[in-house]
There are 2 protein chains.
Amino acid sequence: MGLAKTEIFSDNQNAIAKFAKAFAHPARVSILQHLFKIDSCVCGDLVNEIGLAQPTISQHLKELKHLGLIKGSVEGTSVCYCIDKENWTEMKKLMTHFLDQDLSNSADCC
Amino acid sequence: MGLAKTEIFSDNQNAIAKFAKAFAHPARVSILQHLFKIDSCVCGDLVNEIGLAQPTISQHLKELKHLGLIKGSVEGTSVCYCIDKENWTEMKKLMTHFLDQDLSNSADCC
DNA sequence: TTCATTCATCGTAATATTGCAATGTAACAA
DNA sequence: TTGTTACATTGCAATATTACGATGAATGAA
């Protein structure tokens, strides 16, 4: 099928899956790390930094933008992208809460 | 293509993507949350809790097991699954480091 | 205007993912 | 043994993802 049955899961579960998908490809991980490292905004030199074709990078950027994790603004002929801090912080809270589930109460039974 | 060019990315980036993929489906998120909530190990009643067919759940469990996030042991006719705490902790460290990148140094230029 | 640059979008091919019915397998019960 | 129960595996259909060449749109330069 290739189609997830999102209806039967909670909003929380779907939200986690949605954001996790953003990180589920090394190119998008790389793009985000780059936008964090460069403290001014970065434009299409992502294409040079990462070894993928321009349409491919553009597509990954579109997905990240759609999720709200980054935002872009046109500057002349180039486009400047950067992390959307508010949304990143909110996403981080969601993911951290999921990752931080308590490991202590369950016995190591397996 | 549908094939990620993993060669051109760092081990760190590929590892993050690999674990993120585990969380990129609400069924797997649900399974993990369940294994955390039930403080004793859980067997195939995951099929009842989640509304997916048995082969589908079995497949998701296999993926999580392959990644090392859960482990299973046979108990009579049923199989008991639980979180692999060591690997979970290690994965959490990796993901948290990625999520915790500093937001303060970059100006909000977009 | 014309040209070059930068990026987005379209179209397409290759591969991956999701889901389930059908079937296989291993353990226990009778 | 035969049956039953609990999972795993196989095989397949539907859809999603990844990647890129070709092309389009917008901006600035000449």
Report task. Using whole Å, report how far CG of A:L64 lies from P of D:dT18. Result -> 11 Å

Report summary line: note: B:E63, atom CD; C:dA16, atom P; distance rounded to Å ~ 13 Å

**Report entry** Distance, rounded to the nearest Å, where A:E75 contributes CD and D:dA26 contributes P
**Finding:** 19 Å

Query raised in the report: Rounded to the nearest Å, what distance is computed from the CD1 atom of residue B:I31 to the C1' atom of nucleotide D:dC7?
Result: 14 Å

Report task. Give a yes/no on whether any side-chain N or O of B:Y81 is located under 4.0 angstrom from OP1 or OP2 of D:dA8. Result -> yes

Query raised in the report: Within a reach of under 6.0 Å around CG of A:D11, are more than 12 heavy atoms found that belong to other residues, nucleotides or ligands?
Result: no

Report summary line: Atom CG of A:L46 and atom C1' of C:dA8 are separated, to the nearest Å, by 15 Å

Query raised in the report: Does B:K21 have a side-chain nitrogen or oxygen under 4.0 Å from the phosphate oxygens OP1 or OP2 of D:dT17?
Result: no

Report task. Could you tell me which residues satisfy side-chain contact (heavy atoms from CB on, under 4.5 Å) with B:Q54, sequence neighbours excluded, listed by chain and number? Result -> B:V47, B:S58

Report summary line: Here the gap from B:L32 atom CG to B:I70 atom CD1, rounded to the nearest 0.5 Å, amounts to 7.0 Å

Query - Rounded distance (Å) that lies between atom P of D:dT17 and atom NE2 of A:H66 - result: 12 Å

Report task. Please report, rounded to the nearest Å, how far the P atom of D:dT17 is from the CG atom of A:L67. Result -> 11 Å

Output a table of nitrogen or oxygen pairs between the protein and nucleotides 26-30 of chain C separated by less than 3.5 Å.
none

**Report entry** Any side-chain heavy-atom pair of A:F23 and A:L69 under 4.5 Å
**Finding:** yes

**Report entry** Interatomic distance, A:L64 atom CG to A:I83 atom CD1 [nearest 0.5 angstrom]
**Finding:** 8.0 Å

Query raised in the report: Would you say C:dA8 has OP1 or OP2 under 4.0 Å from some side-chain N or O of A:S58?
Result: yes

Query - Nearest-Å distance for atom pair CD1/C1', residues B:I57 and D:dT9 - result: 16 Å

Can you give me the N/O atom pairs linking the protein to nucleotides 19-23 of chain D at distances under 3.5 Å, or say none if there are none?
unit_1 : atom_1 : unit_2 : atom_2 : d
D:dA19 : OP1    : A:H25  : NE2    : 3.4
D:dA19 : OP1    : B:K5   : N      : 2.9
D:dA19 : OP2    : A:H25  : NE2    : 3.1
D:dA19 : OP2    : A:H60  : NE2    : 3.0
D:dC20 : OP1    : B:K5   : NZ     : 2.7
D:dC20 : OP2    : A:A53  : N      : 3.0
D:dC20 : OP2    : A:T56  : OG1    : 3.1
D:dC20 : N4     : A:Q59  : OE1    : 3.4

Report summary line: Between the CG atom in B:D84 and the NZ atom in B:K71, the distance rounded to the nearest 0.5 Å is 4.5 Å

Query - Parallel, tilted or perpendicular, as decided by the 30° and 60° cut-offs, for the rings of A:H60 and A:H25 - result: tilted

